[in-house]
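Side-chain atoms are counted along with the backbone in the values below, which use heavy atoms only and exclude waters and symmetry mates. Every value quoted in this text rests on a predicted model; they were computed, and no experiment measured them.
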Amino acid sequence: ALQQLVKKGLAYESRKGKRRLVAAENPDVFYSLLQKQENELRMVKTGLDYTTNLLRGIRPSDKSVPTVKFYEGVEGFKKMLENTLETKTEVLVFTYVDLFAQLLDPEYLEDYYERRASKSIHTRLIFPDGEFARRVSVNLERWHMTVRLLPKELRWKSGIFSWDDNIAIQSFTEGKLTCTIIQNKDIVQFYRDIIFEIVWGQAVPTTSQPQGRGKTHT
């Protein structure tokens, strides 16, 4: 402990013959130590200012340039889902939900639905009829969901989520689970207002739906 106090400048040592003497520094030493730390912080801030300005300079200034994020595996899917919990808009989902639930674990997905509903986030979903689809249908009102179904004989291994200015395209191929998130207002507007609405109009409503739900314009 004495060695640490000496090292930090709070004590000093001297020798008198074979005796080693250790004594506390003058209390004013605290001001000197504080000044030293302030000087070090000032140097760190100067370096930080330079670094952040440099990084800002290499980011695209054109907002029309898409920002792309790429995630892999089940944890990547979950990270994407957690991002949707901060949305200010309706979440639109077009996926093969039975396969998606199997990959993520149905209990995790239902917990996600609960947390999303607790934030009053409404979701419209399109997927083919199946076991998990029927499991979801009994809780549509509680989870703030509106679902429309495609023919159950349709099969695919991908999904699309959209929220705010984001569109997430997922691949469910075994061994190659990927999630690519594109952030671009024009691309997302085209998907949300054109592509999704066309498919939504062709899909069949489920027998149990929340009352008063329709298209949400954002």
Worked verdict on Thr206 versus Arg148 for side-chain contact (heavy atoms from CB on, under 4.5 Å): CA-CA 6 Å; Thr206 63; Arg148 290 197 175 183; over 6 Å; no

Shortest non-hydrogen contact from Leu149 toward Val147: CD2-CG1, 3.9 Å

Carboxylate-amine/guanidinium proximity below 4.0 Å for Glu197 and Arg124: yes

Side-chain (Asp98) to main-chain (Glu131) donor-acceptor, under 3.5 angstrom: yes

Closest approach of His122 to Met145 (non-hydrogen atoms, all atoms of both residues): NE2-C, 4.0 Å

Thr84 (side chain) donor-acceptor with Leu81 (main chain) under 3.5 angstrom: yes

Separation between CD of Glu86 and CG of Asp164, rounded to the nearest 0.5 Å: 9.5 Å

Hydrophobic cluster membership, Met43 vs Leu48, 4.5 Å side-chain cutoff: no

Pairing of Arg134 and Asp129 as salt bridge, 4.0 angstrom limit: yes

Heavy atoms of other groups near Lys69 NZ, more than 12 under 6.0 Å: no

By side chain to side chain donor-acceptor pair (under 3.5 Å) - contacts of Glu107 (at least two apart): none

Note, Lys45 side chain near Arg42 side chain (heavy atom, < 4.5 Å): no

Approximate separation, where rounding is to 0.5 Å, of Leu99 CG and Tyr96 OH: 7.5 Å

ring-ring contact (aromatic ring centres under 6.0 Å, His included): pairs with one or both residues in residues 178-197, sequence neighbours excluded: Phe196-Trp200

Expected output: side-chain Asn166 to main-chain Ser162 donor-acceptor under 3.5 Å: no

All side-chain contact (heavy atoms from CB on, under 4.5 Å) counterparts of Val44, not counting sequence neighbours: none

Residues in ring pair (Phe, Tyr, Trp, His ring centres under 6.0 Å) contact with Phe94, at least two apart in sequence or another chain: Trp156

Heavy atoms of other groups near Glu40 CD, more than 12 under 6.0 Å: yes

Candidate pair Ser120 and His144, rule side-chain hydrogen bond (donor to acceptor under 3.5 Å, both in side chains), full reasoning: CA-CA 7 Å; Ser120 299; His144 303 310; 4.8 Å; no

Straight-line distance of Thr146 OG1 to Leu92 CG, nearest 0.5 Å: 10.5 Å

Within 6.0 Å of CZ in Phe70, more than 12 heavy atoms from elsewhere: yes

Test salt bridge (Lys or Arg N to Asp or Glu O under 4.0 Å) applied to Lys176 - qualifying residues, sequence neighbours left out: none

Interatomic distance, Asp165 atom CG to Arg192 atom CZ [nearest 0.5 angstrom]: 9.0 Å

Enclosure of Glu174 CD (heavy-atom neighbours >12, cutoff 6.0 Å): no

Exercise: do Tyr71 and Thr180 side chains pair donor with acceptor under 3.5 Å: no

CD1 on Ile169 to OG on Ser158, rounded to 0.5 Å: 9.0 Å

Contacts of type side chain to side chain donor-acceptor pair (under 3.5 Å), residue Thr123, not counting sequence neighbours: Arg116

Salt bridge (Lys or Arg N to Asp or Glu O under 4.0 Å) partners of Glu110, counting only residues at least two apart: Arg135

Spacing of CG belonging to Leu34 relative to CG belonging to Leu41, to within rounding of 0.5 Å: 9.5 Å

Side chain to side chain donor-acceptor pair (under 3.5 Å) partners for Glu75, two or more places apart: none

Working for side-chain contact (heavy atoms from CB on, under 4.5 Å), residues Val91 and Phe161: CA-CA 7 Å; Val91 178; Phe161 279 65; 4.3 Å; yes

Those residues that, when tested against Glu82, pass salt bridge (Lys or Arg N to Asp or Glu O under 4.0 Å) (two or more places apart): Arg115

Contacts of Tyr113 that satisfy ring pair (Phe, Tyr, Trp, His ring centres under 6.0 Å) - sequence neighbours left out: Trp143

Test item: Ile160 and Gln170 side chains (from C-beta on) under 4.5 Å apart, heavy atoms: no

Heavy atoms from other residues, nucleotides or ligands near CZ of Arg19 exceed 12 (cutoff 6.0 Å): no

Smallest separation among heavy atoms of Cys179 and Ala168, with atom names: SG-CB, 4.1 Å

Positive for side chain to side chain contact (heavy atoms under 4.5 Å, CB included) with Ile167, one of Ile181, Ile182, Asn184: Ile182

Nearest non-hydrogen partners of Ala203 and Pro205, listed with the distance: O-CD, 3.8 Å

Residue pairs passing the ring-ring contact (aromatic ring centres under 6.0 Å, His included) test where at least one lies in residues 168-188, sequence neighbours excluded: Phe77-Phe172, Phe100-Phe172

Stepwise side-chain contact (heavy atoms from CB on, under 4.5 Å) check, Glu114 with Arg142: CA-CA 8 Å; Glu114 292 282 359; Arg142 191 176 88 205; 2.3 Å; yes

Non-neighbouring partners of Asp105 that pass side chain to side chain donor-acceptor pair (under 3.5 Å), sequence neighbours left out: none

Heavy-atom pair with the smallest gap, counting every atom of Thr52 and Asp49: OG1-O, 3.1 Å

